[in-house]
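Right, one structure below, let's go through it.
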Amino acid sequence: MNQALEAALNEQITMELSSAYTYLAMAAYCESINLPGTAHWLEVQAKEELEHAMKIYEHVNDRGGRVVLKAIPEPVQDYASPVAVFEAVLAHEQKVTESIHKLYALAVAEKDYASLPLLHWFIEEQVEEEKSADEVLQKFRMAGESKSALLFLDSKLGKRDEE
């Protein structure tokens with residue numbers, strides 16, 4: 001495996017692990033404001049991000065590369081509202097999408113064709129991630145200040161299956 005791509009994949013592993021940590025912090029915040037369903041949704045998301053990190057981890061190892069884990073930054077602990085949480089979720093997923101696109105471009109430039117199927121999977125996954133985050137954000141925005149709408153939405157989010 002090309003060293004530049006290996007280094008970039010290692011950075012992506014760190015980003016995916018950081019995503020999991022970020023979503024757990026968001027879940028903890030939602031628990032603290034008595035939104036257990038929303039916390040559940042974010043916990044499922046955190047587990048998914050760990051799976052993403054492991055997909056890349058295994059790919060690097062399978063290709064004879066070396067996984068080098070780096071420090072994960074401390075996540076934000078408090079938010080102004082559930083809307084602010086999901087604005088942050090969407091912005092974070094857009095940042096991940098940009099990173100995956102750069103990885104794909106690097107793999108193409110380096111002619112690392114073995115990495116392209118993995119990265120293509122991530123490209124498709126990010127379409128789903130951004131759509132899902134935006135849908136929840138728009139629902140929280142629609143709920144506005146309505147306590148009953150907020151509780152209903154929280155109940156629905158609590159039914160998210162672990163994929």
Side-chain angles (χ1 to χ4, degrees), residues 8-59 70-108 115-163:
L9 287 168
N10 274 309
E11 289 297 324
Q12 191 65 37
I13 291 169
T14 301
M15 179 177 268
E16 299 293 340
L17 292 172
S18 180
S19 296
Y21 206 45
T22 295
Y23 291 139
L24 277 179
M26 290 172 170
Y29 165 76
C30 289
E31 283 285 353
S32 78
I33 62 168
N34 203 25
L35 292 175
T38 306
H40 170 77
W41 192 98
L42 290 158
E43 289 164 0
V44 171
Q45 191 66 28
K47 290 175 188 172
E48 196 173 291
E49 300 305 330
L50 289 173
E51 291 170 8
H52 293 172
M54 290 307 298
K55 252 183 173 339
I56 300 168
Y57 176 95
E58 290 165 5
H59 179 76
K70 305 217 173 148
I72 299 172
E74 181 178 331
V76 173
Q77 303 295 327
D78 292 302
Y79 294 86
S81 66
V83 168
V85 169
F86 280 91
E87 286 172 342
V89 169
L90 180 58
H92 183 76
E93 289 301 336
Q94 290 167 336
K95 181 179 164 187
V96 171
T97 297
E98 182 182 330
S99 180
I100 296 293
H101 289 175
K102 287 178 182 176
L103 266 173
Y104 192 90
L106 179 61
V108 168
S115 292
L116 295 180
L118 172 76
L119 296 172
H120 189 264
W121 180 89
F122 273 97
I123 289 169
E124 290 180 355
E125 178 69 6
Q126 283 309 119
V127 170
E128 178 187 316
E129 298 284 8
E130 286 188 32
K131 178 184 176 202
S132 179
D134 189 49
E135 284 175 350
V136 175
L137 172 60
Q138 296 314 318
K139 287 175 183 169
F140 271 113
R141 285 181 175 158
M142 282 189 274
E145 297 298 317
S146 169
K147 299 289 186 206
S148 58
L150 181 63
L151 292 174
F152 178 77
L153 179 54
D154 184 63
S155 174
K156 294 293 264 182
L157 292 175
K159 294 181 173 128
R160 180 181 181 185
D161 289 335
E162 295 190 27
E163 297 144 2

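Owing to the predicted nature of the structure, the values given are computational and were not obtained by experimental measurement.
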4.5 Å side-chain heavy-atom contact, [X] and [Y]:
| X | Y | result |
| --- | --- | --- |
| Leu116 | Val108 | yes |
| Leu137 | Val83 | yes |
| Ile33 | Thr38 | no |
| Leu17 | Glu49 | no |
| Gln45 | Arg160 | yes |
| Met26 | Glu43 | no |

Working to the nearest 0.5 angstrom, can you tell me the gap between [X] [atom1] and [Y] [atom2]?
| X | Y | atom1 | atom2 | answer |
| --- | --- | --- | --- | --- |
| Thr14 | Leu9 | OG1 | CG | 11.0 Å |
| Leu42 | Tyr23 | CG | OH | 8.0 Å |
| Cys30 | Leu157 | SG | CG | 9.0 Å |
| Asp134 | Glu93 | CG | CD | 11.5 Å |
| Leu119 | Glu125 | CG | CD | 13.0 Å |
| Ile56 | Asn10 | CD1 | CG | 9.5 Å |

Does the pair His40 and Lys159 meet the rule for a side chain to side chain contact (heavy atoms under 4.5 Å, CB included), with working shown?
-> CA-CA 8 Å; His40 170 77; Lys159 294 181 173 128; over 6 Å; no
Indicate the ring-plane relationship of Phe140 and Phe86, choosing parallel, tilted or perpendicular according to the 30° and 60° boundaries.
-> parallel
Kindly give the heavy-atom pair with the smallest separation between [X] and [Y], and that separation in Å.
| X | Y | answer |
| --- | --- | --- |
| Ser18 | Ile72 | CA-CG2, 3.6 Å |
| Asp154 | Gly37 | OD1-N, 3.0 Å |
| Ser19 | Val96 | OG-CG2, 4.0 Å |

Salt bridge check, [Y] against [X]: does any charged N sit closer than 4.0 Å to a carboxylate O?
| X | Y | value |
| --- | --- | --- |
| Glu98 | Lys102 | yes |
| Glu16 | Lys55 | no |
| Glu87 | Arg141 | yes |

Taking [atom1] in [X] as the centre, count heavy atoms belonging to other residues, nucleotides or ligands within less than 6.0 Å. Is the count above 12?
| X | atom1 | answer |
| --- | --- | --- |
| Tyr21 | OH | no |
| Gln77 | CD | yes |
| Tyr29 | OH | yes |

Please check if the distance between the ring centroids of Trp121 and His52 is under 6.0 Å.
->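 Trp121 vs His52: aromatic centres under 6.0 Å.
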Are the side chain of Ser155 and the backbone of Leu151 linked by a donor-acceptor contact shorter than 3.5 Å?
->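 Checked: no pair found.
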Any donor and acceptor pair, going by atom type alone, linking the side chain of Ser132 with main-chain N or O of Glu128 inside 3.5 Å?
->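 Checked: no pair found.
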Do the side-chain N and O atoms of Gln126 and Gln94 include a donor-acceptor pair separated by under 3.5 angstrom?
-> no
